[in-house]
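Report on one structure; see the data block that follows.
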Amino acid sequence: MKLLVTGGAGYIGSVVTAQLLAADHEVVVVDDMSTGHADAVPAGATLVQGTLRSSARPVLDGGGFDAVLHFAAKSLVGESVQQPGLYWDKNLGETLALLDAMRISGVSRIVFSSTAATYGEPESTPIMETDPTRPTNPYGASKLAIDTCLTSFAALHGLGAVSLRYFNVAGACGPYGERHAVETHLIPNVLAVARGARESVSLFGDDYPTPDGTCIRDYIHVADLAAAHLLALGSCRPGTHEIYNLGSGDGSSVAEVVGVCRAVTGHPIPVVTSPRRTGDPAVLVASSAKIQAALGWKPSRDLHAMVADAWAFLQ
Ligand code: UFG
């Protein structure tokens, strides 16, 4: 297939692009390079630098594209609370420009990067796709609004859409991994200590109602996540919008993650217990039963593999 990958110079977009190329698809990446890296775009993909407002139409019009995989987004929860307008503009506004360009160009399939942040504080665990969506920050709200748009474009314009709601993505695939100018995620922060780039890692809260008092998250290897995108792509049906959670169904605590990082790196990794980070739910674990049943997707790499691959990437 001929595919447009938005945000293909970013962490997840680059890994998915590599898998798409390996599966013999033709890939054009559009990325505004605000957080992406040109050298992260896998060889064999064509890179167009620009926003979706400026580039989606010119790229898609007459280009013979079969589908779009849409990763381009702002994705920092804290930043979204400071600058909500930026998140509505870049996430929802740019996506509307993309959907309009798709409609005009007759491209009718899309796989979208949604997020666990659309659910907000969960009522029960594991989280099912049918659970209430009450995002607690503009990042999650903007992604939920896009999911709502996709539902109406599917019903009214015949779009075939799949949203994948990621839980905590980690790990790397060979040369493609996480390289954020502003790093907020746990595993890269812990590994930065092992690499000597920082003295210690802050552990945000040890008084949560969990067995060891630290927050529990559902970590998923970026390679397993990427594989789900290829299955989702093959499953897009005109006039339908499906939403799937992507997680392992298993939670690991922050303290457990630090323990795995110590085991993988052999570094003592000093930890400083700090106050809770605002807005962190105690437990976020996905039910992935729906995608397992519908598409036969199953994660195959555990937390140890995620940390080992992220560590190899950082070396
Ligand atoms: N944490 C630390 N120290 C750090 C970084 C994180 O203790 O230096 C803790 C956090 O408090 C949290 C856990 O590690 O308990 C995981 O934090 P991350 O920042 O790695 O990930 P989040 O669970 O906050 O965020 C993820 C995605 C977001 C998404 C969110 C859904 O990265 O994009 O899940 O709620 F919005």
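What you see below is based on every heavy atom in this structure, not just the backbone, and it leaves out hydrogens, waters and symmetry mates. Just so it is clear, the structure is predicted and the values come from calculations on it, not from any experiment. Start at 1 and go down the list; that is how both ligands and their atoms are numbered.
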### Query
Linking I/L/V/M/F/W/Y whenever any side-chain heavy atoms sit under 4.5 Å apart, do V162 and L99 land together?
no
### Query
Which atoms from ligand 1 have a heavy atom of V77 less than 4.0 Å away?
36 (F)
#### Entry: Proximity winner for atom 17 (O) of ligand 1, if only heavy atoms of R198, R277, R217 are counted
R277
### Query
Counting only heavy atoms not in Q315, do more than 12 sit closer than 6.0 Å to its CD atom?
yes
### Between D147 and S163: side-chain donor-acceptor atoms closer than 3.5 Å
yes
### Query
Do Y87 and E79 have side-chain N/O donor and acceptor atoms under 3.5 Å apart?
yes
### ligand 1 atoms in contact with T115 (distance to a heavy atom under 4.0 Å)
29 (C), 36 (F)
#### Entry: Element-labelled atoms of ligand 1 that are located less than 4.0 Å from some non-hydrogen atom of A117
31 (C), 36 (F)
### Task
Could you tell me whether atom 30 (C) of ligand 1 has at least one protein heavy atom nearer than 4.0 Å?
no
### Query
For K2, does the NZ atom sit with more than 12 other heavy atoms under 6.0 Å from it, leaving out its own atoms?
yes
### Lys NZ or Arg CZ of R165 over Y244 ring: under 6.0 Å, within 45°
no
### Heteroatom distance test (Y219, ligand 1): nitrogen or oxygen, under 3.5 angstrom
no
### Query
What atoms of ligand 1 come closer than 4.0 angstrom to any heavy atom of L203?
7 (O)
### Test item: T118 side-chain N/O and S114 main-chain N/O as donor-acceptor pair under 3.5 Å
no
#### Entry: Y166/H229 under ring-ring contact (aromatic ring centres under 6.0 Å, His included): CA gap, chis, key distance, verdict
CA-CA 11 Å; Y166 309 162; H229 287 73; 5.5 Å; yes
### Message
Main chain of G249, side chain of D218: is a donor-acceptor contact present, judged purely on distance under 3.5 Å?
### Response
yes
### Message
Under a 4.0 angstrom heavy-atom cut-off, which atoms of ligand 1 come close to C215?
### Response
15 (O)
### Query
Just heavy atoms, cut-off under 4.0 Å: does N168 contact ligand 1 by side chain, backbone, both, or neither?
side chain
### Task
Output yes when a side-chain donor or acceptor of W88 lies under 3.5 Å from a complementary backbone atom of P138, and no otherwise.
no
### Query
Within the structure, does L186 bring an N/O atom to less than 3.5 angstrom of an N/O atom in ligand 1?
yes
### Task
Identify which of D280, D206, T118, L284 has a heavy atom lying nearest to atom 12 (C) of ligand 1.
D280
### Query
Is it true that K290 and E129 have a side-chain N and a carboxylate O under 4.0 angstrom from each other?
no
### Task
Around atom 27 (C) of ligand 1, find the nearest protein heavy atom and jot down its residue, atom name and distance.
H185 NE2, 4.1 Å
### Query
Numbering the atoms of ligand 1 from 1, which are under 4.0 Å from a heavy atom of Y139?
33 (O), 36 (F)
### Message
Distance under 4.0 Å to a non-hydrogen atom of N189: what atoms of ligand 1 satisfy this?
### Response
4 (C), 5 (C), 8 (O)
### Message
At less than 4.0 angstrom from any non-hydrogen atom of S202, what atoms of ligand 1 do you find?
### Response
2 (C), 3 (N), 4 (C), 7 (O), 8 (O)
### Summary
protein heavy-atom neighbour closest to atom 5 (C) of ligand 1 works out as T184 O, 3.3 Å
### Task
Would you check the N or O atoms of F204, main chain and side chain alike, for any that come under 3.5 Å of an N or O of ligand 1?
yes
### Query
What protein heavy atom is closest to atom 9 (C) of ligand 1, reported as residue, atom name and distance in Å?
V254 CG2, 3.8 Å
